[in-house]
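Here's the structure we're looking at; comments come further down.
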Number of protein chains: 2
Amino acid sequence: MKDVAARAGVGLKTVSRVVNSEPGVTPDTERRVQEAIESLGFRRNDSARVLRKGRTASIGLVLEDLADPFYGALSRAVEEVARAHGTLLINGSSAEDPDREQELALAFCARRVDGLIVIPAGDDHRYLEPEIKAGIATVFVDRPAGRIDADTVLSDSFGGARAGVAHLIAHGHRRIGFIGDRPRIHTAVERLRGYRTAMADEGLAVSDSWVSLGTTAPERVRAAMLGMLTGPEPVTAVFAGNNRVTVTVVRVLAEQTRRVALVGFDDIELADLLGITVIAQDSAALGRTAAEQLFRRLDGVEEKPVRVALRTMLIPRGSGEIPPS
Amino acid sequence: MKDVAARAGVGLKTVSRVVNSEPGVTPDTERRVQEAIESLGFRRNDSARVLRKGRTASIGLVLEDLADPFYGALSRAVEEVARAHGTLLINGSSAEDPDREQELALAFCARRVDGLIVIPAGDDHRYLEPEIKAGIATVFVDRPAGRIDADTVLSDSFGGARAGVAHLIAHGHRRIGFIGDRPRIHTAVERLRGYRTAMADEGLAVSDSWVSLGTTAPERVRAAMLGMLTGPEPVTAVFAGNNRVTVTVVRVLAEQTRRVALVGFDDIELADLLGITVIAQDSAALGRTAAEQLFRRLDGVEEKPVRVALRTMLIPRGSGEIPPS
DNA sequence: CTGAAAGCGCTAACAC
DNA sequence: GTGTTAGCGCTTTCAG
């Protein structure tokens, strides 16, 4: 910038004005500066700018795994909102590891992102308190924050699972399995609660052998599913706790001769062709809503922490309407 | 940091030493500084650090759409490599718009990312020359750079498409359609070339009505597919140019009574269950390889631009082995 | 309308 | 082992 000023024969501040298209520069001077910029290939150093202004025009998003289509879509929605606000997005995948979540979130804070959107992996977010106090707006999505009070945008996991299981019951099932994510994960617990409530609503007892929580690794899910299909009280239907689980369950069921009903949480690409009945949640809406709330905070809106729950939708496609065998 | 120094009763530089775990501090002093840091909730301002050091420990990735599972997986692979190098990743989606690609890439450069990985939307990247000259290492992935010479990591689109179409021919097809992405996109053109070559290899003529390039919007692909199924020379097989196209083609074919063979470029989740034969490319390997090359550059390796072509793999699953009707 | 000086928070280089 | 000084590239303030 100094060089540009020298070359254009003007002061430093004048270059700054031109670069930021601030008013108060003669068209003629502006042209000279522009030429100098061009010929020197000058590009403003945003780091220095940030240091001065305090705002980085960037936000951070900590999610579980960008390779999961659910989070990919969510991230993209956040990016669109950020873009509309002239803001860049930094992504980080926690791989469902609380330490890594914290490491990422704090790294983002050290870069002085203006705001943070977090899909929690851990259940204690007190480590963010000083950052939030220091002015980094924070919104939690998909799962609630642990041990701090903050803006949160969720899907209605409980209601969705309950509706899905009720759907299976309505189609005549009595022995229904539930395969979900690890019990540390809030959505897994909520969906299990939805399952139990739906069963209780109809006065159905739940056998321990019908419920399995754990990682979404294919081997684990496969074993759980096979376990429920054998034994003294084999299930005639399953509720899959999320898209990763559904994918594996569909594969296992495809190998069976007996027809087993299935409803899965989360929609999946091509699920329509495979006839998979799902409880769809709108991952893009989740991201969009969270981002909008974040920018509302960045615009200075002061209100007590907001909690939004987005509705889910039951999409019947066949697998959930198979009668008990 | 000044405050920490004051509180701990030490000099500024000593705090800096502690924060960066540099040697030359008494354990006792270090403890005092640590305490001050804790109680003040101090966190180093990386912007200032960047300004001083020149390196931001961040890289930028410009891709088409993070919500596309192909790019999601690629991005995640890049992130893993970056993480191993203590580097953060900034993502941006170009939405296949060259202007937006440029806007993003330059925005990343203004933030002084150490390196840039670009999945080109446009075909002229001379705008990056000053940046590259200024020291921002740049690697292109999935598609080659336009009008500049730079490190590039691609899949073998030509070879993959050729093998896929040859596979269809081997199963008896003579009238084979090709539906691909817009002709501005390098991979689309390469895959079309693979198609034409495979046809020519067997002495088969290609009717204009069998080839359709354009956006991957479902309506466009649907119309193209339906067009090829009707008319005087209906196709008995199709080659789909990428995962977006395949998804729509599968839907259209599912509605037909006649059985039409299909091979698609890119693997898709659940394609195994739907029996879709594909030419798989390893998006994670693409990302990993590109990122590794980038860090090789950042480590100071000077060599003339590298070009890597990753092999593709034909996975027969049924749809590509349907005989002509 | 324009420019000179101060300083954002940190680190490199050199004292002590 | 520790502190001091200068300055990274920009914007803010205020004087011309």
Side-chain angles (χ1 to χ4, degrees), chain A residues 1-34 36-37 40-58 86 106-114 130-131 134-136, chain B residues 1-37 40-58 86 106-107 109-114 130-131 134-136:
Chain A
M1 191 138 143
K2 213 173 47 192
D3 299 344
V4 175
R7 172 128 184 173
V10 300
L12 209 57
K13 178 60 204 176
T14 303
V15 179
S16 174
R17 285 204 182 84
V18 172
V19 169
N20 299 298
S21 24
E22 285 169 21
V25 183
T26 328
D28 184 55
T29 323
E30 174 161 359
R31 204 182 30 71
R32 285 219 318 288
V33 173
Q34 283 293 6
I37 288 176
L40 265 57
F42 166 83
R43 205 89 58 185
R44 181 181 63 201
N45 183 328
D46 276 358
S47 305
R49 169 168 234 252
V50 158
L51 187 56
R52 210 48 246 252
K53 304 206 68 155
R55 278 216 169 184
T56 55
S58 62
L106 291 180
F108 291 165
C109 291
R111 309 241 161 171
R112 297 295 188 270
V113 291
D114 298 334
E131 312 296 337
I136 299 188
Chain B
M1 192 141 140
K2 214 172 47 191
D3 299 345
V4 175
R7 172 132 185 170
V10 299
L12 209 57
K13 180 62 201 176
T14 303
V15 178
S16 175
R17 284 202 182 87
V18 172
V19 169
N20 299 298
S21 24
E22 284 169 22
V25 183
T26 326
D28 183 56
T29 325
E30 173 161 358
R31 204 181 31 70
R32 282 215 326 285
V33 173
Q34 283 295 7
E35 275 171 21
I37 288 177
L40 265 58
F42 168 83
R43 205 88 61 184
R44 180 180 64 198
N45 183 329
D46 276 0
S47 303
R49 168 168 234 251
V50 158
L51 187 57
R52 209 49 248 254
K53 304 207 71 156
R55 279 216 167 185
T56 55
S58 63
L106 292 179
C109 290
R111 310 241 162 170
R112 297 295 188 270
V113 292
D114 299 333
E131 311 297 338
I136 299 188

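Numbers restart at 1 for each chain; the letters A, B, ... are given by sequence-line order, proteins then strands. Note that the coordinates shown come from a computational prediction; the quantities given were computed from them, not determined experimentally. Heavy-atom basis, side chains included; hydrogens, waters and symmetry copies ignored.
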query = Has A:Thr14 got a side-chain N or O lying under 4.0 Å from the OP1 or OP2 atom of C:dG3?
reply = yes

query = Can you name the nearest heavy-atom pair linking B:Thr56 to B:Asp114, along with the distance?
reply = N-OD1, 3.0 Å

message = Looking at every heavy atom in both B:Arg32 and B:Gly9, which two are closest together, and how far apart are they?
response = NH2-O, 4.0 Å

Short side-chain to backbone donor-acceptor contact, B:Asn45 and B:Ser47, under 3.5 Å = yes

message = I'd like to check A:Asn20 versus A:Arg49 (side-chain heavy atoms, cut-off strictly below 4.5 Å). Are they in contact?
response = yes

message = Could you report the tightest heavy-atom contact between B:Glu22 and B:Val25, atom names first, then the distance?
response = O-CG2, 4.3 Å

inquiry  = Angle between the end axes of the helix from C:dC1-D:dG16 to C:dC16-D:dG1, five pairs per end, to the nearest 10 degrees?
reply    = 40°

ask   = Passes side chain to side chain contact (heavy atoms under 4.5 Å, CB included), B:Arg112 versus A:Asp46? Steps please.
value = CA-CA 7 Å; B:Arg112 297 295 188 270; A:Asp46 276 358; over 6 Å; no

task = Using atom CG of B:Leu40 as one end and atom P of C:dG9 as the other, report the distance to the nearest whole Å.
result = 13 Å

message = Heavy atoms only, 4.0 Å cut-off, all strands: where does A:Val50 land among base, sugar-phosphate and nothing?
response = nothing

query = Can you check whether A:Thr26 has a side-chain N or O nearer than 4.0 Å to OP1 or OP2 of C:dT2?
reply = yes

query = Do the side chains of A:Val19 and A:Phe42 get nearer than 4.5 Å, heavy atoms only?
reply = yes

query = When you check the phosphate oxygens OP1 and OP2 of D:dG9, does a side-chain N or O of A:Ser47 lie under 4.0 Å from one of them?
reply = no

key: Within-4.5 Å side-chain heavy-atom neighbours: B:Pro27 and B:Glu30   = no

query = Which parts of nucleotides 10-16 of chain D does protein reach within less than 4.0 Å, heavy atoms only, written one letter per nucleotide 5' to 3' as B for base, S for sugar-phosphate only and - for none?
reply = BBB----

